[in-house]
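So the structure is just underneath, and the comments pick up after that.
In listed order, ligands and their atoms are each counted from 1. Keep in mind that the numbers below use all heavy atoms, side chains included, and drop hydrogens, waters and symmetry copies.
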Amino acid sequence: MTPHKTPAVPVLAIDGPSGAGKGTISRLLSRRLGWHLLDSGALYRVLAIAAMRSRLSLEDIDGLARLAGEVRVRFVSDEAGGERIELDGELVTDEVRTERAGDAASRLARFPEVRDALVQLQRDFVRAPGLVADGRDMGTRIFTDATLKVFLTATPEERARRRHKQLKEKGIDVSLAALSRDIAERDARDAQRAVAPLVPADDAKVLDSTVMSIPQVVDRIVDWLGERIDIPPVGQA
Ligand code: DC
């Protein structure tokens, strides 16, 4: 696989474990910078949904890789800043966020053939004026020459607490203990898999957000980015 080559268009890679706040932070960064957003986890989740719908086993590597080349996924931003996700023309926004889809995504993400089938799709998201790429292997594999790589993390307890709060706000009632267990299991699976394990890139900046507020995290990343490229001041992005 050829490495990702020098970004004429800047890429900001945000990697890290589940519940570290990557989704929220990446979305805010993309708005503040006026850059496009790639939610790569959503691609794996949509693929998992497509597999479950076509009753494909999550162990059927060839079938999954083929499906990855066939699914049509669209991310559509509406004017209110919300985002819709479509799978083959059908709205799957809510289903994508379920724990079931996340768990299934983590399972199929173990297979190199499935990951390979999604590489080009992810690189095609690079478009001027820039891209914020949120995932697990954005800096280590997909965008190896990213302008800045951030590995965002937080303690497992804090990540479980954040996820719990997020689900509760959506009216989904899950016990904190069950969530902690799921997060620990998914962490282990994502970190130990043979391909693209969840590790920071050698040249990534590690940011532990456990005791930081969301605006503090965003500001820190924008500061780091500003040390590498010229970016518009706040409010002018
Ligand atoms: O970030 P998320 O929870 O939406 O991701 C769901 C699963 O997809 C996660 O458990 C691991 C997998 N994933 C991956 O392997 N590589 C990525 N770049 C993004 C997600």
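Residue contact check: R45 has heavy atoms under 4.0 Å from atoms 2 (P), 3 (O), 4 (O), 6 (C) of ligand 1. Proximity to S106 (heavy-atom distance under 4.0 Å) selects the following atoms of ligand 1: 7 (C), 10 (O). For ligand 1 and A109, the ligand atoms under 4.0 Å from any heavy atom of the residue are 12 (C), 15 (O). The M138 neighbourhood of ligand 1 comprises atoms 18 (N), with distances under 4.0 Å to a heavy atom of that residue.
In terms of polar-atom proximity, defined here as any N/O pair under 3.5 Å, D39 makes no such contact with ligand 1. At least one N or O atom of R136 sits closer than 3.5 Å to an N or O atom of ligand 1.
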Please tabulate, for side-chain N and O atoms in residues 205-213, each donor-acceptor pair with protein atoms closer than 3.5 Å (sequence neighbours left out).
residue, atom, partner, partner atom, Å
D208, OD1, T210, N, 2.9
D208, OD1, T210, OG1, 2.6
S209, OG, T153, O, 3.1
S209, OG, R162, NH1, 3.1
S209, OG, R162, NH2, 3.3
T210, OG1, T155, N, 3.1
S213, OG, Q216, N, 3.2
S213, OG, Q216, OE1, 3.4

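Using a 4.0 Å cut-off between charged nitrogen and carboxylate oxygen, K165 and E169 count as a salt-bridge pair. In summary, R66 and D62 do not engage in a salt bridge, as defined by a charged side-chain N under 4.0 Å from a carboxylate O. For D15 and R141, the salt-bridge test fails: no basic side-chain N is under 4.0 Å from an acidic carboxylate O. Salt-bridge check for D202 with K149: failed, with every basic side-chain N at 4.0 Å or more from each acidic carboxylate O.
When each of R84, R53, R45, R100 is tested with E95 by the rule salt bridge (Lys or Arg N to Asp or Glu O under 4.0 Å), just one qualifies, namely R53.
Counting only distance, with no hydrogens or angles, the side chain of S54 and the backbone of A50 share a donor-acceptor pair below 3.5 Å.
Contact between K22 and ligand 1 is present, with at least one heavy atom of the residue lying under 4.0 Å from the ligand. Under a 4.0 angstrom heavy-atom cut-off, R110 registers as lying outside contact with ligand 1.
Neither the backbone nor the side chain of R189 has any atom closer than 4.0 Å to an atom of ligand 1 (non-hydrogen atoms only).
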